[in-house]
Enquirer: 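Have a look at this one before I ask anything.
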Amino acid sequence: MTEIVFYHLTESRMEDALPSLVEKCRERDWNVIVEAERVETSQSLDQHLWSYRPESFLPHAIASGDETENAAQPILLTHNVEIVAQNPNTAQARFCIGGAEPLGTDAAGAKIIEPFERVMILFDGDDEDAVAKARDHWKALKALGHGISYWQQEDGRWAKKA
């Protein structure tokens, strides 16, 4: 069953926290899908990943209509739930950012949690709506029987809280 990890951002912005988490996935040789709720978030993240740290390189692309190109990307950025459902780059890790719905469904109505070894939900602790959504997701995913952990930023590090 898919492992679910919640990351509660209290000290940094998503754009600053996400790259190091993606790097950890890549160190495991995992492919990654980063799903945002809005296309603008994916576009902004695309630019950020090229320049967030001079000594780092995270090979990525925004998902396109070209299945072959999508399949070749170790890190695929998208706002399209159908792309996530297709999992064209056979990602083991899925990040839900900027309000993306972790319990989304594909066109056939199937939940798109299972193809992934780990689904990570990043949410802004200063956004009351995001915190409320995260709580709702926690309850729903727990009810489905997934293993869930909760991490919060503390003194510049991630601290496991549950």
Enquirer: Are F95 and L45 connected, step by step, through hydrophobic side chains (Ile, Leu, Val, Met, Phe, Trp, Tyr) whose heavy atoms are closer than 4.5 Å?
Expert: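 Per the 4.5 Å side-chain linkage, F95 and L45 are co-clustered.
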Enquirer: Over all heavy atoms of both residues, which pair between H60 and D46 is shortest? Give the atoms and the distance, please.
Expert: NE2-OD1, 2.8 Å
Enquirer: Do S44 and E15 have side-chain atoms, one donor and one acceptor, less than 3.5 Å apart?
Expert: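 There is no such pair (donor and acceptor under 3.5 Å, judged by atom type) between the side chains of S44 and E15.
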Enquirer: Can you find a pair of side-chain heavy atoms, one from I113 and one from M1, that are under 4.5 Å apart?
Expert: no
Enquirer: Taking atom CZ as the centre, does R53 end up with more than 12 heavy-atom neighbours from other residues, nucleotides or ligands that are less than 6.0 angstrom away?
Expert: yes
Enquirer: In sequence, state the C-alpha distance, the side-chain angles, and the governing distance for H48 and D16, and then conclude on side-chain contact (heavy atoms from CB on, under 4.5 Å).
Expert: CA-CA 9 Å; H48 181 67; D16 298 324; 4.2 Å; yes
Enquirer: If you take all heavy atoms of L49 and P19, which pair is closest and at what distance?
Expert: CD2-CG, 3.9 Å
Enquirer: What's the separation between atom CD in Q43 and atom CD in Q47, rounded to the nearest 0.5 Å?
Expert: 9.0 Å
Enquirer: Might you point out which heavy atoms bring A36 and A100 nearest each other, and give the distance in Å?
Expert: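 Result for this residue pair: C-CB, 3.9 Å.
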Enquirer: Enter the distance from H146:NE2 to L141:CG here, rounded to the nearest 0.5 Å.
Expert: 6.0 Å
Enquirer: Transitively linked via ILVMFWY side-chain contacts under 4.5 Å: W30 with L58?
Expert: no
Enquirer: Would you name the heavy atoms of N70 and N89 that are closest together and state the gap between them?
Expert: O-CB, 3.5 Å
Enquirer: Once rounded to the nearest 0.5 Å, what's the spacing between atom CD1 of I62 and atom CD1 of I75?
Expert: 13.0 Å
Enquirer: Can you tell me how far the OG atom of S42 sits from the CG atom of N80, to the nearest 0.5 Å?
Expert: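 Result: 9.5 Å between the selected atoms.
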Enquirer: Taking all atoms of both residues into account, what is the closest heavy-atom pair of H8 and G125, and its distance?
Expert: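 Scanning both residues completely, I find the closest heavy atoms to be NE2-CA, 3.2 Å.
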Enquirer: Would you compute the distance between atom CD of E101 and atom NZ of K133 and round it to the nearest 0.5 angstrom?
Expert: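 The distance works out to 7.0 Å.
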Enquirer: In this structure, would L18 and I121 fall into the same cluster of hydrophobic residues linked by side-chain contacts under 4.5 Å?
Expert: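 No, L18 does not connect to I121 through the hydrophobic network.
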Enquirer: Sub-3.5 Å donor-acceptor pair from the side chain of R94 to the main-chain atoms of P102, do we have one?
Expert: yes
Enquirer: Given L76, which partner from the list I83, V84, N87, V32 fulfils the side-chain contact (heavy atoms from CB on, under 4.5 Å) test?
Expert: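 Result: among I83, V84, N87, V32, I83 is the only option passing the side-chain contact (heavy atoms from CB on, under 4.5 Å) with L76.
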Enquirer: Nearest 0.5 Å, what's the OG1-CG distance between T10 and D124?
Expert: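 The CG atom of D124 is 9.5 Å from OG1 of T10, to the nearest 0.5 Å.
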Enquirer: Name all residues meeting the side-chain contact (heavy atoms from CB on, under 4.5 Å) criterion together with V5; count only those two or more places apart in sequence or in a different chain, and write none if there are none.
Expert: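 Applying side-chain contact (heavy atoms from CB on, under 4.5 Å) to V5 gives E3, Y7, R118, M120, S149, W151.
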Enquirer: Which atoms form the tightest heavy-atom contact between A93 and C25, and what is the distance?
Expert: CB-SG, 3.8 Å
Enquirer: Evaluate the criterion side-chain contact (heavy atoms from CB on, under 4.5 Å) for residue pair Q92 and R28; output intermediate values, then yes/no.
Expert: CA-CA 10 Å; Q92 293 86 356; R28 291 179 166 215; over 6 Å; no
Enquirer: Is there a donor-acceptor contact under 3.5 Å from the side chain of E69 to the main chain of S64?
Expert: no
Enquirer: Checking E35 side chain against V81 main chain: does a donor-acceptor pair fall under 3.5 Å?
Expert: no
Enquirer: Is it possible for you to say whether W158 and F6 belong to one hydrophobic cluster, with membership spreading through side-chain heavy-atom contacts below 4.5 Å?
Expert: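 As far as the 4.5 Å side-chain criterion goes, F6 and W158 are not connected within one cluster.
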Enquirer: Applying a strict under-4.5 Å side-chain criterion to I, L, V, M, F, W and Y, I'd like to know whether I97 and Y52 cluster together.
Expert: yes
Enquirer: As a quick check of understanding, evaluate side-chain contact (heavy atoms from CB on, under 4.5 Å) for L9 and M14, giving each step before the final call.
Expert: CA-CA 7 Å; L9 301 168; M14 181 278 302; 3.8 Å; yes
